[in-house]
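Values below: all heavy atoms of this structure, side chains included; hydrogens, waters and symmetry mates excluded. In the text below, chain A, chain B and the rest are named by the order of the sequence lines, each starting its count at 1.
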2 protein chains.
Amino acid sequence: MPRAGLTPERVVREAGDLADEGGLAALTLSAVAGRLGVRQPSLYKHIDSLDGLQRGVSLAAKRDLGEALTRAAVGRSGPDAVRSVAAAYRSWVLDHPGRYAATVRAPDPDDEEDREVSAEVVSVVLAVLAAFDLEGDQAIDAARALRSAIHGFVSLEAAGGFGLPRDVDRSYEFLIDSLVAGLGRA
Amino acid sequence: MPRAGLTPERVVREAGDLADEGGLAALTLSAVAGRLGVRQPSLYKHIDSLDGLQRGVSLAAKRDLGEALTRAAVGRSGPDAVRSVAAAYRSWVLDHPGRYAATVRAPDPDDEEDREVSAEVVSVVLAVLAAFDLEGDQAIDAARALRSAIHGFVSLEAAGGFGLPRDVDRSYEFLIDSLVAGLGRA
DNA sequence: GGCTTATGGCTATAGTCAATAGCCAACGTC
DNA sequence: GACGTTGGCTATTGACTATAGCCATAAGCC
């Protein structure tokens, strides 16, 4: 038996690709193994469980999303930065629907690594709102609001939830612009 | 064998209860059958498939949510109506997390019945925004924005996505108030 | 009441999953 | 080149969806 040269990283990457192509439900160990040219039980040499694999996909996705958001934020501030980050968020999700779905699963509250990468995403959102002169709790509220709006929109969009024939790009701009206009004037 | 007196409605209701108690993942035919005092294959006399059962749970949930929103809207208008509907939406979801999760699954685009009950929810949102003098596409944009914001917030909340120790009720109020303030000023 | 038919339970079973046990060849180390 | 570790493998278990086919109950009809 020649070795396939697997690593946890390769398995996680392939699992992410599979999820993006066929939805999170298509992420089965058999399917991942098939893609890697290996039998299903062999994966257990590299992962703990299906749950662990999904966690791996989720962590990698959050890291990647966080980097994309950071890139979108550099050199910008205020409403401009918010719009840029929001656009980057949505476009990342549309490119990686399955990986994004993996990030949504409720994490174990004392999963330190997960908290860390999640905090990074939140920190970009907080940083981008810094120019709005919100203090203390209001800054947290605003970050939650922006995250909620973006997450809600892209989730509904990904689930095919927008039935009416209205341009989705414009609706997204409207949402972000409205929220930006409303922050601090509530 | 005494008959258990099942109906599709009872099966769907029990399935919804199960989903609310243990999460959508806990919704298995064996578990539903166990609750109804019946063997798993017997359910197939009342439902088509697990997928069909989930669709049933989703439709019933959307109907129930729609009614709750309608009740919250009557006799109110403007920002007051928006806040009332938003509060009703969130509280319904917190009461029925599993049923709500069932509604999120991407429906078949030509499922007429699903389109109908989904449209009812959207129509409440549109009605509640009527006082904001938005015309044509802007009304659709605003409805999408409000739905996205609410859905995003409650989804993140249900998934345990708000780590920081800030009161969640107040963050929700902030979100809705900010959006209301921003509508029309974008 | 008795006959017929449709219906709603049941057992048995196939097929797909995740997961574990235990085997053996390939590789690294000395 | 021998040795231990590692990364594949087959076989198997148990949970799940789903189907096939049985039979008692309930409903309708004379």
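In this structure, A:Arg90 forms a cation-pi arrangement with A:Tyr172, its terminal cationic atom sitting closer than 6.0 Å to the ring centre and no more than 45° off the ring axis. Figure legend: cation-pi geometry between A:Arg144 and B:Phe162, with NZ or CZ positioned under 6.0 Å from the six-membered ring centre and within 45° of its axis.
Atom-to-atom, OH of A:Tyr44 to C1' of D:dG8 comes out at 16 Å; the value is rounded to the nearest Å. For B:Gln40 and C:dA12, the CD to P distance is 14 Å, given to the nearest whole Å. Here D:dG21 presents its C1' atom at 17 Å from CZ of B:Arg39, a figure rounded to the nearest Å. Between the CD atom of A:Glu9 and the P atom of D:dG7 there is a distance of 12 Å, rounded to whole Å. A:Leu6 places its CG atom 9 Å from the C1' atom of D:dG8, with the value rounded to the nearest Å. Separating the CG atom of A:Asp48 from the P atom of C:dA19 is a distance of 10 Å, rounded to the nearest angstrom. If you measure from atom NE2 of B:His46 to atom P of C:dT7, you get 12 Å, rounded to the nearest angstrom. If you take CG of A:Leu53 and C1' of C:dA18, they are 12 Å apart, rounded to a whole angstrom.
Mapped onto DNA chain D by nearest heavy atom, B:Asp51 and B:Lys45 fall at different nucleotides, with B:Asp51 at the one closer to the 5' end.
Each of D:dC9, D:dT17, D:dA20 was ranked by its minimum atom distance to the side chain of B:Pro41; first place goes to D:dA20. Set against C:dG9, C:dA19, D:dG8, the side chain of A:Ser49 has C:dA19 as its closest nucleotide. With C:dC10, C:dA18, D:dT17 as the candidates, the nucleotide lying closest to the side chain of B:Ser42 is C:dC10.
Dashed line: the shortest gap from a side-chain N or O of B:Thr28 to OP1 or OP2 of D:dA15 is not under 4.0 Å.
Using bins of under 30°, 30° to 60° and over 60° for the plane-to-plane angle, the ring pair B:His151/B:Tyr100 lands in the tilted bin.
Interatomic distance, CZ of A:Arg105 versus CG of A:Asp114, reported as 9.5 Å (0.5 Å rounding).
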